[in-house]
Amino acid sequence: MAEQRLRYRARKYAALHLLLAKWIRNHAEDGPYHYVTLGGTELKDVSSLQWIDPKLGNKIYSFEHDLNRFRLASRTADVLVSGGMDLKIIQDDVFSYERKSDLPHIFYMDLFGTCNRTYVGEFARWFDNDVVRYGDLLIITSYLGRNPGWQTVLKPYDAEFRTLRVSGQKEKRELYR
């Protein structure tokens, strides 16, 4: 597989910026944070976080499971590290992260698919093992692709819709929104 960077428009990180701004305004502690992310090949969330406040990414860990994407992210990281950023790219699943610091953490989980029941075990393990603690920030977003169609978007929620006794397409879409 050829190395290919993922390219997103500028609006991709709007949700992250809005969530961070709201959290900083109302809940953030004034001190250093460790940042754990699925930063992608371009590490735009990392650069953005550093621009907002370098203390939010005192120590940064970005995970890439795929070897080709790991190589691309590592090249991007080399540039950021040469500028003074404390950043480590790890070729592994983000759920392999083990907390080694009592500093508060920010976790940015920008998943490729829907955050559904398949992640219950991983998040449960993180909470059970104090990887995510009180005072941390956990942001979960999902990229579902461009216009996948309502059938594709709603299918992972079939069980929930049955539990709620929702069968109409229009009502399903309203609940999803």
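What you see is a predicted model; the values in this text were computed from it and never measured. Sequence positions, counted from 1, serve as the residue numbers for this chain.
Taking both residues in full, the closest heavy atoms of Glu29 and Pro104 are given as OE1-CG, 4.0 Å, listed atom of the first, atom of the second, then distance. When all heavy atoms are compared, the tightest approach of Val81 to Leu87 is CG2-O, 3.7 Å. Closest non-hydrogen pair, Phe107 versus Val131, comes out as CZ-O, 3.4 Å. Taking all atoms of both residues into account, the shortest heavy-atom contact from Ala73 to Leu43 is O-CD1, 3.7 Å. The shortest non-hydrogen separation linking Arg173 to Trp150 is CD-CE2, 3.0 Å. Closest of all the heavy-atom pairs between Glu64 and Thr41 is OE2-N, 4.0 Å.
Side-chain contact between Asp102 and Arg133 is present, with heavy atoms from C-beta onward closer than 4.5 Å. At least one side-chain heavy atom of Leu111 sits less than 4.5 Å from a side-chain heavy atom of Tyr119. No side-chain heavy atom of Val166 sits under 4.5 Å from any side-chain heavy atom of Glu160. Glu98 places none of its side-chain heavy atoms less than 4.5 Å from the side chain of Asn129. Contact annotation: the side chain of Asp136 approaches that of Arg99 to within less than 4.5 Å [non-hydrogen atoms, C-beta and beyond]. At least one side-chain heavy atom of Gln151 sits less than 4.5 Å from a side-chain heavy atom of Gln169. Using a 4.5 Å cut-off on side-chain heavy atoms (C-beta onward), Thr76 and Ile89 make no contact.
In this structure, Trp126 and Phe123 have perpendicular ring planes: the angle between them is above 60°, well past the 30° mark.
Under a cut-off of 6.0 angstrom, the local environment of CG in Asp30 is sparse, with at most 12 non-hydrogen atoms contributed by other residues, nucleotides or ligands. More than 12 heavy-atom neighbours from other residues, nucleotides or ligands sit within 6.0 angstrom of CG on Asp130.
A chain of hydrophobic side-chain contacts below 4.5 Å, direct or via other Ile, Leu, Val, Met, Phe, Trp or Tyr residues, connects Trp51 to Ile139. Leu72 and Val79 are members of different hydrophobic clusters when ILVMFWY side chains are connected at heavy-atom separations under 4.5 Å. The cluster map of Ile, Leu, Val, Met, Phe, Trp and Tyr, joined by side-chain heavy atoms under 4.5 Å apart, puts Ile24 and Tyr35 in the same cluster. Under the 4.5 Å side-chain heavy-atom criterion for grouping Ile, Leu, Val, Met, Phe, Trp and Tyr, Val46 is connected to Ile52 within one hydrophobic cluster. Linking ILVMFWY side-chain heavy atoms closer than 4.5 Å, directly or via other members, places Met85 and Leu49 in a single hydrophobic cluster.
Within the model, atoms OH of Tyr157 and CZ of Arg117 stand 11.0 Å from one another, a figure rounded to the nearest 0.5 Å. Expressed to the nearest 0.5 Å, how far OG1 of Thr163 lies from CG of Asp158 amounts to 10.5 Å. Atom CZ of Phe70 is separated from atom CD1 of Ile90 by 9.0 Å, given to the nearest 0.5 angstrom. Arg75 CZ to Asp78 CG: the interatomic distance, rounded to the nearest 0.5 Å, is 9.0 Å. How far CD1 of Ile60 is from CD of Gln50: 4.0 Å, rounded to the nearest 0.5 Å. Atom CG of residue Asp66 and atom CD of residue Gln91 lie 8.0 Å apart, to the nearest 0.5 angstrom.
Tyr97 has its ring centre no less than 6.0 Å from the ring centre of His34. Residues Tyr33 and Trp23 bring their aromatic ring centres within 6.0 Å.
Salt bridge Lys44/Asp110: absent, no basic N to carboxylate O contact under 4.0 Å.
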**Prompt:** Where do Thr141 and Tyr108 land on the side-chain contact (heavy atoms from CB on, under 4.5 Å) test, with the steps shown first?
**Reply:** CA-CA 8 Å; Thr141 59; Tyr108 180 44; 3.4 Å; yes
